Amino acid sequence: MATFSKSIPHSCYEIGHTWEPSCLVSFYQITRGALDEAFKIYAPLYVIAAILRRRKLEYYVYKLFPEILQSASFLTANGGLYIAFFCILRRLFGKFYFLNPGFLSALPASYLAILIERKSRRGLLTIYMANLIPFK
């Protein structure tokens with residue numbers, strides 16, 4: 001229990017975003033990078049799934065891009081909000097504690113990101129996000 005109360009005497013620049021001293025600029029850079037990677041992941045995934053399911057032309061014209069955009073927004077929000085909460089909690093508490101950099105930053109970021117995703121996928125994503133937490 002003594003470990004939880006010990007602080008880590010470093011700034012978010014020294015631990016979280018070492019390439020950029022500004023929290024706002026690093027938030028923008030991570031969000032931009034997450035958006036690029038999210039489209040690289042979800043665009044081929046949804047196109048291949050649509051081809052394998054033999055969707056009609058109507059689906060490709062009206063529904064495919066909004067579905068890709070929604071899932072990419074989920075992944076982008078998860079990445080961007082993590083670093084945002086990382087810096088916000090550091091500023092609120094004045095320093096890092098044992099749970100700040102990982103769990104307390106990831107929990108609200110993941111929750112808000114899951115709210116962006118389609119309702120039909122939220123349950124699976126919640127289980128997936130929960131499995132990322134290492135329990136000992």
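What you are looking at is a predicted structure, and each value in this text was computed from that prediction instead of being measured.
- V25 forms part of no hydrophobic cluster, judged by ILVMFWY side-chain heavy-atom separations under 4.5 Å.
- At a threshold of 4.5 Å between side-chain heavy atoms, the hydrophobic network of Ile, Leu, Val, Met, Phe, Trp and Tyr places L69 and I114 in one connected group.
- Under the side-chain hydrogen bond (donor to acceptor under 3.5 Å, both in side chains) criterion, Q29 pairs with W19, not counting sequence neighbours.
- I116 and A77 get closest at one heavy-atom pair: CD1-CB, 3.5 Å.
- Pairing each heavy atom of C23 with each of H17, the nearest pair is SG-NE2, 3.4 Å.
- When every heavy atom of S105 is checked against every heavy atom of P108, the shortest pair comes out as O-CD, 3.7 Å.
- Each salt bridge (Lys or Arg N to Asp or Glu O under 4.0 Å) pair with one or both residues in residues 19-28, not counting sequence neighbours, would appear here, but there are none.
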Contacts under 3.5 angstrom, residues 82-91 side chains, donor-acceptor by atom type, not counting sequence neighbours:
{"from": "Y82", "atom 1": "OH", "to": "P101", "atom 2": "O", "distance (Å)": "2.3"}
{"from": "R90", "atom 1": "NE", "to": "H10", "atom 2": "O", "distance (Å)": "3.2"}
{"from": "R90", "atom 1": "NH1", "to": "G94", "atom 2": "O", "distance (Å)": "3.0"}

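- Here the CG-CZ distance, from L115 to F74, works out to 10.5 Å after rounding to the nearest 0.5 Å.
- Residue L24 places its CG atom among 12 or fewer non-hydrogen atoms of other residues, nucleotides or ligands, all under 6.0 Å distant.
- Among residues at least two apart or in separate chains, there is no salt bridge (Lys or Arg N to Asp or Glu O under 4.0 Å) pair with a member in residues 44-64.
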Please tabulate, for side-chain N and O atoms in residues 35-51, each donor-acceptor pair with protein atoms closer than 3.5 Å (sequence neighbours left out).
{"from": "E37", "atom 1": "OE2", "to": "K40", "atom 2": "NZ", "distance (Å)": "3.4"}
{"from": "Y46", "atom 1": "OH", "to": "S71", "atom 2": "OG", "distance (Å)": "2.6"}
{"from": "Y46", "atom 1": "OH", "to": "R118", "atom 2": "NH1", "distance (Å)": "3.1"}
{"from": "Y46", "atom 1": "OH", "to": "R121", "atom 2": "NH1", "distance (Å)": "3.3"}

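- Atoms CG and OG, on N78 and S73 in that order, are 12.5 Å from each other to the nearest 0.5 Å.
- Counting non-hydrogen atoms of neighbouring residues, nucleotides and ligands closer than 6.0 angstrom, the OH atom of Y60 exceeds 12 such neighbours.
- Scored by the side-chain hydrogen bond (donor to acceptor under 3.5 Å, both in side chains) test, Y111 finds no partners at all (sequence neighbours excluded).
- When hydrophobic clusters are built by joining Ile, Leu, Val, Met, Phe, Trp and Tyr residues whose side-chain heavy atoms come closer than 4.5 Å, directly or via intermediates, F65 is grouped together with Y59.
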